[in-house]
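Reviewing the structure listed below.
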Number of protein chains: 4
Amino acid sequence: MDDKRQRILDAATKVLAEKGFEYATISEIAREAGMSTGLIYSYFKNKMDVQLSLILIFLQTINEMNSQRVAVLRNPFDKLYTFLHNCEDLLLKDDSSLCRVKVLHEALPHIIGLKDKGLMQKRAEILAANNYLIATIDEIMLKGQQEGVFDSTLKPTVMRQVLSGAIERIVYGLFFKRFTGEEIGYDKQDAHDALVRVIETFIKK
Amino acid sequence: MDDKRQRILDAATKVLAEKGFEYATISEIAREAGMSTGLIYSYFKNKMDVQLSLILIFLQTINEMNSQRVAVLRNPFDKLYTFLHNCEDLLLKDDSSLCRVKVLHEALPHIIGLKDKGLMQKRAEILAANNYLIATIDEIMLKGQQEGVFDSTLKPTVMRQVLSGAIERIVYGLFFKRFTGEEIGYDKQDAHDALVRVIETFIKK
Amino acid sequence: MDDKRQRILDAATKVLAEKGFEYATISEIAREAGMSTGLIYSYFKNKMDVQLSLILIFLQTINEMNSQRVAVLRNPFDKLYTFLHNCEDLLLKDDSSLCRVKVLHEALPHIIGLKDKGLMQKRAEILAANNYLIATIDEIMLKGQQEGVFDSTLKPTVMRQVLSGAIERIVYGLFFKRFTGEEIGYDKQDAHDALVRVIETFIKK
Amino acid sequence: MDDKRQRILDAATKVLAEKGFEYATISEIAREAGMSTGLIYSYFKNKMDVQLSLILIFLQTINEMNSQRVAVLRNPFDKLYTFLHNCEDLLLKDDSSLCRVKVLHEALPHIIGLKDKGLMQKRAEILAANNYLIATIDEIMLKGQQEGVFDSTLKPTVMRQVLSGAIERIVYGLFFKRFTGEEIGYDKQDAHDALVRVIETFIKK
DNA sequence: CATGAATGAGTGTTCATTCAT
DNA sequence: CATGAATGAACACTCATTCAT
C-alpha cells in the first residue's frame, strides 16, 4: 500500500527534524509510523533513501506549485509575490512542513557528497529539483531586471540567496518555537510582513 | 603546547564542515591534524567537546569584536553597519571561517538538547554567547526604532532573522563555491552589496 | 526467548570465571553463547549488567533455599547444618556453580563502588541479597548463643567469616582442580567433613 | 635508587588494593608514588610486573619468617601457633599489609594463566613461593597427625584450606572496615581468638 | 505482507607503553 | 636519570540492515 509509504515519510519527517539524521534511528521512525523496522526496507532502500525521498517530494511539490501559479504570470513582481505566497503556503501550513524545512537544510550539503551507488539516481533528481527551484527565482529576478522592474545593481543570484536565507531562518524560528515552546518574538504574520519587505528591497525606485 | 590544541580545532573545523558531525571521525580529525587519535583526548573531553570548543571560540570572537567596535558607537545605523562589517571580517576572512559558519549552523540545534554532564558548562557558555549575539542585533534594531532611525513597522526580532539568515546563506554559498569549485554567480563584493541593501531596507524613509 | 538470556548468563559465568572481568570480552562471551555480540545488548544493558545479573540470581537462589529449608527449622544446630548442606548443594552441583563462586568473590568489592546510574537498582538488590545472606548466618549464630547451644566466647560475625572463608577457599580449590586438572589433595567428601568439623567447633562443650 | 622501587611498590599496593588491577592505572600509581609514569618502566617491565613483584616480596617475607621462626620448632602445635602469629604480624601490621592480602587474592588466579614471556621467570618464583607456603602448612598438619597431636580424620590439605580461607576472609573484613569505614562487627582481637579456635579444631581430643 | 530477532561492521574512547627531550 | 607528551592497539557498544518465521 502506498499509504504505508506515506506513513513512513510522515514519521521520518518528524523524527528527522527533531533528532537530526545522525540521532534519528530507523527503529524510532518505525515506532512513530506504527510498524516494524523491517517493513521500512520494503518501501525504501535504506535510511538515507527515506530522507532523500522526503526531500525530493518536498522540492517537487514546491516546483509544481510554482509551475502552476508562478510560470503562468507575466509581471515579475507578481511572480515574485506569488512565489513567496507559495512558500508560505507550503512551509507554514502545518508542523510537518516546518519539519521539512529543517530536514532539507540539514541534508542538502550531504546529498552533494553522497556516494551510495544505489541512490545516485535519486540524488540527481534532488539536485535537479533544487536547481530548478533556484533557477525559478533567479529567472524571476533576471526578468524583473531586464524589464526594469527590479533594481539592476544587485545580481539575481545574490538576491535569491538573501530571500531564501531570510525565508529559511524565519521558518526555522517558527519551527523552534513550535517544538521547544520558547518564545522567539514574532509570529507568522510578522514573518510575512518581513518577507514582503525583503522583496520590496529589490524593486527599482 | 597550545599549538596542538589549535591544530586540532583547525583540523576539526575542516573535517566537521566537510563531513558533518556524524560522518566526521576522530581518527580523520587526528590525521588531518597530523597526530594520533589518543592525543585529541588530552586536549578535549570527547568528540562533542571538540565541536563545542570550536563554536564557543567562534561566538566569543564575534561578541568580542562587537563589544569593541559596535558597543562604543552611538548611531544605530553606524552600529548596524559596523556589525555587518565585523561579520564580513570574520566570516569571509579565510576558508576556516567559512567552515565555522557551517559547523555552527549544523550544531546549534543539537547543543540545546545536549545531555552530557561534563559538557553542560560549555553548553551553557555557548548558549549564553549565542543569546548575547542575538541580543546585540536586537538591541541595535530596537534602539534604532526608538530613535526613529529604523522603520518601526517590523519587529526587531524578525529583522534580525532576515539579516542573519541572509548573511548565513550568502556565506554558505561562498563556502560551497570554495570547496566544490562550482560557480554560484556572485563573489564577496556582490555579497557585501546585497547585505548593505538589506540593512538599508530597515531605514525609515 | 528467555533461553537466550540463560545461555548468555551461562557463557558469561564460564568466561568471567576463567578470565576475570577485565580480560573477559563481550565478543568471547558471545562466541561461547553461540551468538553475536550485539544480541547480548538486547538482554543486558552492558558488560557489567551481565555480571551483576549473574550474581544476583546466584544470591537469590541461595537466599531462597535458605528461606525454604533453614528458616523453618528451630534448632540452631540444625539450621547451621542445613545451611551448609544448601551451600554444598548449590556450590558443588556443577562446574557452573564453582565458577559463580569465583565470579562473586571477584565482583563484590567492585559492586560496592559501582557508579553506573542505570545499574544502581541491580546494585542495591545485590547488596541487599548479600546482606540478607550474611544476616542469615549471623542470626543462626546469635540464636545458637542465646539458646546456649553455641559457644558464646566468639562473636557471631567472626564465626560467620571463618565459616564463609573456609567454604569459599575449599570451593575455590575444587574449581581450580576442575579447570586446571591439577591435584589439590582433597575431594568433595573431604570438603564436607572439614566444614562439618568447623561447625562443630562452634558448639558449646 | 632502590628507594624509588620501593616507593612504586608501596604506591601500587595501595592503588591496586583500592581499585583492583583492572581499574588501577599506571598513571595513578605514578602519581601516588610521586613520580612520572615513565620512571615506573625503569624499574619494572610493565604493569603486571609491578603486581607480581609486590606479591613475590610478600610471599618471600612470609616464607622467610616461617623459616626463621617456624622451621626451628619441633612441636607441631607450637609450629602452627607460631605460623598464625607470623601471619597476624604480617597481615595486620599496617594498612599496607591489609592491602597486600587483597591484591594477592585477586591476582593469584590470573598469575597461573599468565602468558607474558618476559614474566615467566617471576611467575615461576611466585608459584614456587606459594607452593612453599602451602607446603609449610601442610607439613605442619601432616607432622601433627603423624605424631598423634592433630586429628587424623581430616586431610592436611583441607585443614590448610580451612585455615587459610578463614584467615583471608577475616583479614579482608578488616581491610574493608579500614577503607570504607563501615562496621563489620569484630576487631583484631576477635579475629585472633577466632583463628586460635580454628586451630584448636585440629587438635586430637 | 509483516515482524523483530539477530547480525556484525564501524567508531569513540581508554590507557599501557615508548621515547625525544 | 627523569619526564610526560605521544602513540595506537584493543574493546564496549550502537544501530542499519537482513531474513527466517
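In what follows, chains carry the letters A, B, and so on, assigned in the order in which the sequence lines appear, proteins first and then strands, with residues in each chain numbered from 1.
- Note: D:K14 NZ to D:I29 CD1 = 12.0 Å, rounded to the nearest 0.5 Å.
- C:K122 places no side-chain N or O within donor-acceptor distance of the main-chain N or O of C:L56, the cut-off being under 3.5 Å.
- Atoms CE (A:M35) and C1' (E:dC1) sit 12 Å apart, rounded to a whole Å.
- One can place CD1 of D:I40 at 12 Å from C1' of F:dT3, the figure rounded to the nearest angstrom.
- For the atom pair D:T13 OG1 and D:I57 CD1, the distance stands at 8.5 Å (nearest 0.5 Å).
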Could you provide the dot-bracket string of DNA chain F, using ( ) for intrastrand pairs, [ ] for crossing pairs and | for bases paired to another strand, with Watson-Crick or G-U pairs below 3.5 Å?
.||||||||||||||||||||

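- A:C99 contributes atom SG, which lies 9.5 Å from atom CG of A:L54 (distance to the nearest 0.5 angstrom).
- Residue C:L16 contributes atom CG, which lies 15 Å from atom C1' of F:dC11 at whole-angstrom precision.
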So if I define the base as every atom that isn't primed, P, OP1 or OP2, how would nucleotides 13-21 of chain E read as a B/S/- string at a heavy-atom cutoff under 4.0 Å?
BB-SBB---

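- A distance of 11.5 Å separates NZ in D:K19 from NE2 in C:H110, rounded to the nearest 0.5 Å.
- One interatomic measurement links the two molecules: CD1 of D:I8 to C1' of F:dC1, which rounds to 13 Å at whole-angstrom precision.
- Between D:S36 and the phosphate of F:dG4, there is no side-chain N or O to OP1/OP2 separation shorter than 4.0 Å.
- Checking side-chain atoms of B:R100 against main-chain N and O of B:I55 turns up no donor-acceptor pair under 3.5 Å.
- Taken to the nearest 0.5 Å, the CG atom of D:L52 stands 10.0 Å off from the CD atom of D:E125.
- Whole-Å rounding puts the B:D3 CG to F:dA5 C1' distance at 13 Å.
- Between the CZ atom of D:R7 and the C1' atom of F:dC1 there is a distance of 13 Å, given to the nearest Å.
- When C:F44, C:F21, C:Y41, C:Y43 are each tested for a side-chain contact (heavy atoms from CB on, under 4.5 Å) with C:V50, only one passes: C:F44.
- Ring-plane geometry between C:H105 and D:H105 is classed as tilted, the angle between the planes lying from 30 to 60 degrees on a 0 to 90 degree scale.
- With rounding to whole Å, D:K4 atom NZ is found 12 Å from F:dT3 atom C1'.
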